[in-house]
J.: 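I'd like to ask some things about the structure below.
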Amino acid sequence: SANGIARWNGNAWAPLGTASVNGVMSEWGGNGAVYTLAMSGTTLYVGGAFNQAGGVDANGIAQWDGNAWAPLDDGILAAGCNVGKVYALAVSGTTLYVGGDFVSAGEESASGIAQWDGSAWAPLGDGVDNVVNTLAVSGATLYVGGEFVTAGAEGAFNLAKVTFGPQAVVTIVLDTQPNLATNLAF
């Protein structure tokens, strides 16, 4: 059986991993929850609410290379060192953007949004004041949607964009009305 995630090979469903150590598991017992997936080359990134992937400790986020699971450093943590939840993933070049309900990524303070460069975590400025539900990348711009009223130091009702320049991250507010943003696509 598959624990929380499976792949289709054209004929049948198969687990990601072997025997009882396949897929994602939660600290509460049983299957973990998978909320989002993203591909970068041959690596599948999996985000959700879990603390193990394929028997390996992986808090809220893990990667599958086609053969084995691996954590992304210490993963994502919520307040009180609880496993955080990852609701959104987006890839641009070699950078993975992660959004959800968390206060740290690895050893870095990161409020609801962070980036992974393949070996280390970094926050995106001051982050957001609540949950990120969706991410989309277009060129040098990352669009962020969720349940927040500030992004960085700017007022932003649930929708903002981050434009990356040579010196800093700039947050531009897109929505000034309180609406919940749950899906973005390009």
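This is a predicted model, so every value here is computed, not measured.
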J.: A side-chain contact here means heavy atoms from C-beta on lying under 4.5 Å apart; do V149 and N130 qualify?
T.: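 No; the side chains remain at least 4.5 Å from each other.
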J.: What's the separation between atom CZ in F50 and atom NZ in K85, rounded to the nearest 0.5 Å?
T.: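 Atom-to-atom, F50:CZ and K85:NZ are 12.5 Å apart.
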J.: Quick one: pull up CD1 in I5 and CH2 in W13 and give me the separation to the nearest 0.5 Å.
T.: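 Reported value, rounded in 0.5 Å steps: 10.0 Å.
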J.: If you define the side chain from C-beta out and look only at heavy atoms, does anything of L16 sit under 4.5 Å from R7?
T.: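 In contact.
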J.: Determine the minimum heavy-atom distance between Y35 and G48, stating which atoms define it.
T.: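 In this case the closest contact between Y35 and G48 is CD1-CA, 3.5 Å.
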J.: Output a table of donor-acceptor pairs, distance under 3.5 Å, between side-chain atoms of residues 104-111 and any protein atom two or more places apart or on a different chain; print 'none' if there are none.
T.:
from : atom 1 : to   : atom 2 : distance (Å)
S111 : OG     : V128 : O      : 2.5

J.: Taking all non-hydrogen atoms of both residues, which atom of N22 and which atom of A2 are closest, and how far apart?
T.: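 Closest approach of N22 to A2: OD1-CA, 3.4 Å.
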J.: Atom CG of N3 and atom CE of M25: how far apart are they, to the nearest 0.5 Å?
T.: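 Interatomic distance, N3 CG to M25 CE, rounded to 0.5 Å: 5.0 Å.
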J.: For the atom pair CG (D101) and CG (N133), what is the distance rounded to the nearest 0.5 Å?
T.: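 D101 atom CG to N133 atom CG measures 9.5 Å (nearest 0.5 Å).
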J.: Can you check whether L142 reaches I113 side chain to side chain, under 4.5 Å on heavy atoms?
T.: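 The answer is yes, as the side chains (C-beta and beyond) meet within the 4.5 Å cut-off.
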J.: Group every Ile, Leu, Val, Met, Phe, Trp and Tyr by side-chain heavy-atom contacts under 4.5 Å, then state whether W8 and M39 land in the same group.
T.: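 Per the 4.5 Å side-chain linkage, W8 and M39 are not co-clustered.
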J.: For A122, enumerate each residue passing the side chain to side chain contact (heavy atoms under 4.5 Å, CB included) test, keeping only those at least two apart in sequence or located in another chain.
T.: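 Scan of A122 (side chain to side chain contact (heavy atoms under 4.5 Å, CB included), adjacent residues dropped) gives Q115.
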J.: Determine the minimum heavy-atom distance between P71 and V56, stating which atoms define it.
T.: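 P71 and V56 have their closest heavy atoms at CD-CG1, 3.5 Å.
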J.: Kindly write out the residues that satisfy side chain to side chain donor-acceptor pair (under 3.5 Å) with S119, not counting sequence neighbours, or none if the list is empty.
T.: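 Only D117 meet the side chain to side chain donor-acceptor pair (under 3.5 Å) criterion with S119.
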J.: If you round to the nearest 0.5 Å, how far is CZ of F148 from CG of L159?
T.: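 One gets 6.5 Å once the value is rounded to the nearest 0.5 Å.
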J.: Residues two or more places apart in sequence or in another chain: which of them pass side chain to side chain contact (heavy atoms under 4.5 Å, CB included) with N11?
T.: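 Only N9 meet the side chain to side chain contact (heavy atoms under 4.5 Å, CB included) criterion with N11.
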J.: Taking D65 for the side chain and T43 for the main chain, is one N or O donor matched with an acceptor at less than 3.5 Å?
T.: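 Answer holds: no.
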J.: Kindly give the heavy-atom pair with the smallest separation between G93 and S40, and that separation in Å.
T.: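 Scanning both residues completely, I find the closest heavy atoms to be O-OG, 4.1 Å.
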J.: Would you mind telling me which of T134, T36, V131 makes a side chain to side chain contact (heavy atoms under 4.5 Å, CB included) with Y87?
T.: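 Looking at T134, T36, V131, the match for Y87 under the side chain to side chain contact (heavy atoms under 4.5 Å, CB included) is V131.
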J.: When clusters are formed from ILVMFWY side-chain contacts under 4.5 Å, directly or step by step, what else is grouped with V86?
T.: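 Members alongside V86: Y45, I61, L72, I76, L89, V91, L96, V98, F102, W116, W121.
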J.: Taking transitive links into account, so neighbours of neighbours count too, which hydrophobic residues share a cluster with L77 at under 4.5 Å side-chain distance?
T.: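 Noted: L77 shares its cluster with no other residue.
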